[in-house]
Amino acid sequence: MPPSPLLGPIRQIGYVVDDLDVALANWVELGVGPWFVLRRIAQKADHRGELRDVTISIALANSADLQLELIQQHGDTPSVYTEFLADRGAGFHQLAYWPADFDAALSAVKEAGWPVIWSSAEEGGVRYAYAEPPAGVATVVELMEFTDITEGLAKFVREAAEGWDGTDPIRALN
């Protein structure tokens, strides 16, 4: 078996949900929070060779050093999220790595034969790509470019979770 093209720790576990507010309530009941929510974000992505415009809402929280992400797509535009919901229903979707050298990591994934099925198509933003790994551990492996912006957000969310006392469990970021 060839070694994984990905080096470094898994930084995030992502869930695709059909109702963000219900999912948030369930996670808060487990003691995870606070959650930082971005609602109705327009996203342009390449989906299996087709340019797609979707609107999503996401929520981020940490449990120790591990970040959790909840993603709800609004509408039925074909996407990596609607495929997952149709095939499996809401639940665990992706493992995310945050490589310092995004281009090298993406090249390594492609050279390993992992199909890239969803990737950022907008200029100037944080780059990301979802690839289908051969192992059945996750449906998707996400690479997200590790920049000052993503590092700052990750630190902000992680530090909010440290010693969180359960107050103000859902916090809007937009």
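Quick caveat, the model's predicted, so the values are computed rather than measured. Position 1 is the first residue of the sequence, and the numbers go up from there.
Hydrophobic clustering (side-chain heavy atoms under 4.5 Å, transitive across Ile, Leu, Val, Met, Phe, Trp, Tyr) groups V54 together with L38. Linking ILVMFWY residues whenever their side-chain heavy atoms come closer than 4.5 Å, directly or via other members, leaves Y130 and L106 in distinct clusters. There is a path of hydrophobic side-chain contacts, each under 4.5 Å, that joins L95 to L68. In terms of hydrophobic clustering, with Ile, Leu, Val, Met, Phe, Trp and Tyr side chains grouped at heavy-atom distances under 4.5 Å, L60 and F92 are assigned to different clusters. The hydrophobic cluster containing F146 does not contain Y97, counting ILVMFWY residues as joined when their side-chain heavy atoms lie under 4.5 angstrom apart, directly or transitively.
Using a distance-only test at 3.5 Å, with no hydrogens or angles considered, a donor-acceptor pair links the side chain of N174 to the main chain of R39. A donor-acceptor pair under 3.5 Å is formed between the side chain of S120 and the backbone N or O of Y128. Under a 3.5 Å cut-off, the side chain of S79 and the backbone N or O of T82 do form a donor-acceptor pair. Side-chain N or O atoms of W35 include one that pairs as donor or acceptor with a backbone N or O of V32 at under 3.5 Å. Counting only distance, with no hydrogens or angles, the side chain of E69 and the backbone of G14 share no donor-acceptor pair below 3.5 Å. Of the possible donor and acceptor atoms, none in the side chain of W27 sits under 3.5 Å from a partner among the backbone N and O of L30.
Closest approach of G89 to F84, counting heavy atoms only: O-CE2, 3.1 Å. Between L24 and A59, the shortest heavy-atom contact is CD2-CB, 3.6 Å. Taking every heavy atom of both residues into account, H74 and S57 meet most closely at NE2-OG, 2.7 Å. Across all their heavy atoms, Y15 and I13 have their closest contact at CE1-CG2, 3.6 Å. In plain terms, the two heavy atoms of A61 and P34 that are nearest each other are CB-O, 3.4 Å. Among all heavy-atom pairs drawn from W114 and A131, the shortest one is CB-CB, 4.1 Å.
Inspection of the E142 and H93 side chains reveals no N or O donor paired with an N or O acceptor under 3.5 Å. For the residue pair Q43 and Q73, no side-chain donor N or O sits within less than 3.5 Å of a side-chain acceptor on the partner.
Atom OG of S107 and atom CZ of F102 lie 9.5 Å apart (nearest 0.5 Å). From I117, atom CD1 reaches atom CZ of R48 across 4.5 Å, with rounding to the nearest 0.5 Å. Between the CG atom in L143 and the CG atom in D101 there is a gap of 11.0 Å [rounded to 0.5 Å]. Distance CD/E151 to CH2/W98: 9.5 Å, rounded to 0.5 Å. L153 CG to R158 CZ: the interatomic distance, rounded to the nearest 0.5 Å, is 10.5 Å.
Surrounding CD of E162 are more than 12 heavy atoms belonging to other residues, nucleotides or ligands, all under 6.0 Å away. Within 6.0 Å of CZ on R88 lie no more than 12 heavy atoms contributed by other residues, nucleotides or ligands. Atom CG of D148 has 12 or fewer neighbouring heavy atoms from other residues, nucleotides or ligands inside a 6.0 Å radius.
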Worked verdict on L51 versus K44 for side chain to side chain contact (heavy atoms under 4.5 Å, CB included) = CA-CA 7 Å; L51 194 60; K44 185 180 293 292; 3.7 Å; yes
Side chain to side chain contact (heavy atoms under 4.5 Å, CB included) between V28 and I170: does it pass, once the steps are laid out?
-> CA-CA 9 Å; V28 168; I170 312 298; 4.0 Å; yes
May I have the step-by-step check of side chain to side chain contact (heavy atoms under 4.5 Å, CB included) for V126 and M144, ending in yes or no?
-> CA-CA 7 Å; V126 173; M144 187 176 73; 4.0 Å; yes
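Screening I58, I41, L20 for a side chain to side chain contact (heavy atoms under 4.5 Å, CB included) with I71, the sole residue that qualifies is I58. Each of T55, V17, V22 was evaluated against Q72; a single residue qualifies, V17, per the side chain to side chain contact (heavy atoms under 4.5 Å, CB included) test.
A salt bridge links R127 with D103: the closest approach of a Lys/Arg side-chain nitrogen to an acidic carboxylate oxygen falls below 4.0 angstrom.
Ring planes of Y81 and W118: perpendicular class, angle over 60° (limits at 30 and 60°).
Side-chain contact check for T139 versus Q94: every heavy-atom pair is 4.5 Å or farther apart. The shortest side-chain heavy-atom distance between V37 and L173 does not fall under the 4.5 Å cut-off.
Scored by the salt bridge (charged side-chain N to carboxylate O under 4.0 Å, His left out) test, D76 finds no partners at all (sequence neighbours excluded).
Remark: aromatic rings of F156 and F36 are close, center separation under 6.0 Å.
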